[in-house]
Visitor: 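Structure provided below as structure tokens; questions to follow.
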Amino acid sequence: MAQRGRSGGLGLARPAQEIGVGTIVRHMETDFDLVECMRSGGDCTITAACRLIAPLAEARAAFLTTLDAYTIADIAISPRDFGLAAS
């Protein structure tokens, strides 16, 4: 649910402590292929000898694993943090 305006925002379908940040990022960001060689059908001429693919894949996995450790409840801030009265 979305509400426009100064006091607007998004409503959650589940409690914030049940929604992982990593899950949201995976839904919103569909392209985690950081370089051409990681893309399906990529056309990089040095892919077969490239030593960067594994470190980048490892970094991508670590990034998402870190986000998986947090929920929306962990990162949410209240209207009071914006100087707004709580509703």
Side-chain angles (χ1 to χ4, degrees):
M1 164 191 87
Q3 180 178 343
R4 292 182 179 209
R6 182 172 182 252
S7 297
L10 297 174
L12 303 175
R14 296 189 327 244
Q17 62 270 19
E18 293 179 12
I19 304 171
V21 175
T23 300
I24 291 175
V25 170
R26 284 179 185 88
H27 283 294
M28 295 181 73
E29 298 294 332
T30 57
D31 182 8
F32 283 103
D33 298 330
L34 304 174
V35 291
E36 179 70 20
C37 57
M38 296 176 88
R39 290 184 175 89
S40 177
D43 194 25
C44 180
T45 58
I46 66 166
T47 297
C50 184
R51 295 181 184 174
L52 184 59
I53 298 169
L56 287 177
E58 186 178 338
R60 176 181 56 195
F63 171 72
L64 292 168
T65 297
T66 298
L67 294 180
D68 287 337
Y70 296 91
T71 67
I72 295 300
D74 295 326
I75 66 167
I77 56 178
S78 72
R80 194 171 330 168
D81 295 323
F82 287 103
L84 303 172
S87 51

Visitor: So, taking the atom named OG1 in T30 and the one named CZ in F32, what distance separates them when rounded to the nearest 0.5 Å?
Guide: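 Answer for the OG1-CZ pair, T30 versus F32, is 8.5 Å.
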
Visitor: CG of L67 to CD1 of I24: how many Å apart, nearest 0.5 Å?
Guide: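 Going from the CG atom of L67 to the CD1 atom of I24 covers 10.0 Å.
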
Visitor: Could you tell me which residues satisfy salt bridge (Lys or Arg N to Asp or Glu O under 4.0 Å) with D74, sequence neighbours excluded, listed by chain and number?
Guide: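 For D74 there are no salt bridge (Lys or Arg N to Asp or Glu O under 4.0 Å) partners, ignoring immediate neighbours.
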
Visitor: Would you compute the distance between atom CZ of R51 and atom CD1 of I46 and round it to the nearest 0.5 angstrom?
Guide: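 Result: 10.5 Å between the selected atoms.
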
Visitor: What closest approach, in Å, do L64 and R26 show between heavy atoms, and which atom pair accounts for it?
Guide: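 Scanning both residues, the minimum pair turns out to be CB-NH2, 3.2 Å.
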
Visitor: Same cluster or not: are M28 and F63 linked, directly or through other Ile, Leu, Val, Met, Phe, Trp or Tyr residues, by side-chain heavy atoms under 4.5 angstrom apart?
Guide: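 Same cluster: M28 reaches F63 through Ile, Leu, Val, Met, Phe, Trp or Tyr contacts under 4.5 Å.
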
Visitor: Answer yes if L56 and V25 sit in the same cluster of Ile, Leu, Val, Met, Phe, Trp and Tyr residues linked by side chain heavy atoms under 4.5 Å apart, and no otherwise.
Guide: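 The answer is no; the residues belong to distinct hydrophobic clusters.
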
Visitor: State, to 0.1 Å, how close V21 and I75 come at their nearest heavy-atom pair, and which atoms those are.
Guide: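 Scanning both residues, the minimum pair turns out to be CG2-CD1, 3.8 Å.
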
Visitor: Would you say I19 and I72 make side-chain contact, with heavy atoms under 4.5 Å?
Guide: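 Of all side-chain heavy-atom pairs linking I72 with I19, at least one is under 4.5 Å.
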
